[in-house]
Amino acid sequence: MNTYQVIYDIVRQIPYGQVATYGQIADLAQLYGKARLVGYALYRVDMQNSDIPWHRVINAKGEVSESPLRYGTDYLQRSLLEAEGIEFSPEGKVDLRKYLWRPGGE
DNA sequence: TCATTGACCAAGG
DNA sequence: TCCTTGGCCAATG
């Protein structure tokens, strides 16, 4: 099992209508303090063809991370989240208190 | 093979 | 409250 495979496996476990932070995923993947790998892994994932709900992964601030390298897929991510019933604050932030995924807590 | 980079996070100024 | 700095690991050129 490669490091990335673990990350992908966890991301696939994020339930509908909920989100998880990079640090949280890193924690579940036993990559304590290495949240960058999570972001890097998702950056390398094929967003178009993969079956990974990459749009449910956001940063610790509850915002959708955008980057010029993603050619506007950040907008797509926001749309997908809204389609799942997740609300965005006027500042473009998500209410982690309500939508943050709690592994095992259900 | 070495150096740079990249969707982050937490702490300090 | 916002911006800067350091640390972490893997992939790319």
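Not measured: the values here are computed from a predicted model. Below, chains carry the letters A, B, ... as their sequence lines are ordered, and counting in each starts from 1.
Taking atom OH of residue Tyr32(A) and atom C1' of nucleotide dC8(C), one finds them 15 Å apart after rounding to whole Å. Note: NZ (Lys34(A)) to P (dA11(C)) measures 13 Å, nearest angstrom. Taking atom CG on Leu81(A) and atom C1' on dA7(B), their separation rounds to 13 Å, with Å as the unit. Between the CG atom of Leu76(A) and the C1' atom of dA7(B) there is a distance of 14 Å, given to the nearest Å. In this structure, the CZ atom of Arg44(A) is 11 Å from the C1' atom of dG13(C), given to the nearest Å. Straight-line distance from the CD atom of Glu63(A) to the P atom of dC2(C): 10 Å, rounded to whole Å.
A donor atom on one side chain and an acceptor atom on the other are found under 3.5 Å apart for Asp9(A) and Gln13(A).
Classified by interplanar angle (parallel below 30°, tilted 30° to 60°, perpendicular above 60°), the ring pair Tyr40(A)/Tyr43(A) is parallel.
In this structure, OG1 in Thr21(A) is found 12.0 Å from NZ in Lys61(A), a value given to the nearest 0.5 Å. With rounding to the nearest 0.5 angstrom, the CD1 atom of Ile58(A) is 8.5 Å from the OH atom of Tyr22(A). We find the CG-CG distance between Leu31(A) and Leu37(A) to be 6.0 Å, quoted to the nearest 0.5 Å. Taking CD1 of Ile14(A) as the start and CH2 of Trp54(A) as the end, the distance is 12.5 Å to the nearest 0.5 Å.
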Where do N or O atoms of nucleotides 9-13 of chain B meet protein N or O atoms at under 3.5 Å, pair by pair?
residue: dC9(B); atom: OP1; partner: Ala60(A); partner atom: N; Å: 2.7
residue: dC9(B); atom: OP2; partner: Ala60(A); partner atom: N; Å: 3.0

Nucleotides 3-6 of chain B: which of its N/O atoms have a protein N/O under 3.5 Å away?
residue: dG6(B); atom: N7; partner: Arg36(A); partner atom: NH2; Å: 2.9
residue: dG6(B); atom: O6; partner: Arg36(A); partner atom: NH1; Å: 3.3

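In terms of modelled atom types and a separation under 3.5 Å, the side chain of Tyr99(A) and the main chain of Ala20(A) share no donor-acceptor contact. Put simply, the side chain of Asn59(A) gets close to the backbone of Gly62(A): a donor and an acceptor are under 3.5 Å apart.
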